[in-house]
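Input: a single structure, listed below in structure tokens.
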Amino acid sequence: MLAIQKEKTVTFKCEEDLIAAAEVYAANNEMDRSKVIRLALKRFLNVSPIEKRSAKK
């Protein structure tokens, strides 16, 4: 069974050209910009969609 995770809105600053590239990628792959950013973060952090990791403090 897949775990259902709550989504939270996050606001951050980013260079305009990076946002434009994310929008192009999204359009070419039939997804929205938020999904592109989530995918990029998961790939960068090497986290699978159902994997949970504890935060180190």
- Item | Joint cluster assignment, Leu18 & Phe12, ILVMFWY side-chain distance < 4.5 Å | no

- If you look at every heavy atom in Ala22 and Arg33, which pair is closest and at what distance? CB-CG, 4.3 Å

- Query: For Met31, does its backbone N or O pair with a side-chain atom of Asn29 as donor and acceptor, under 3.5 Å?
  - Reply: no

- Rounded to the nearest 0.5 Å, how far does CD of Glu23 lie from CG of Asp32? 11.0 Å

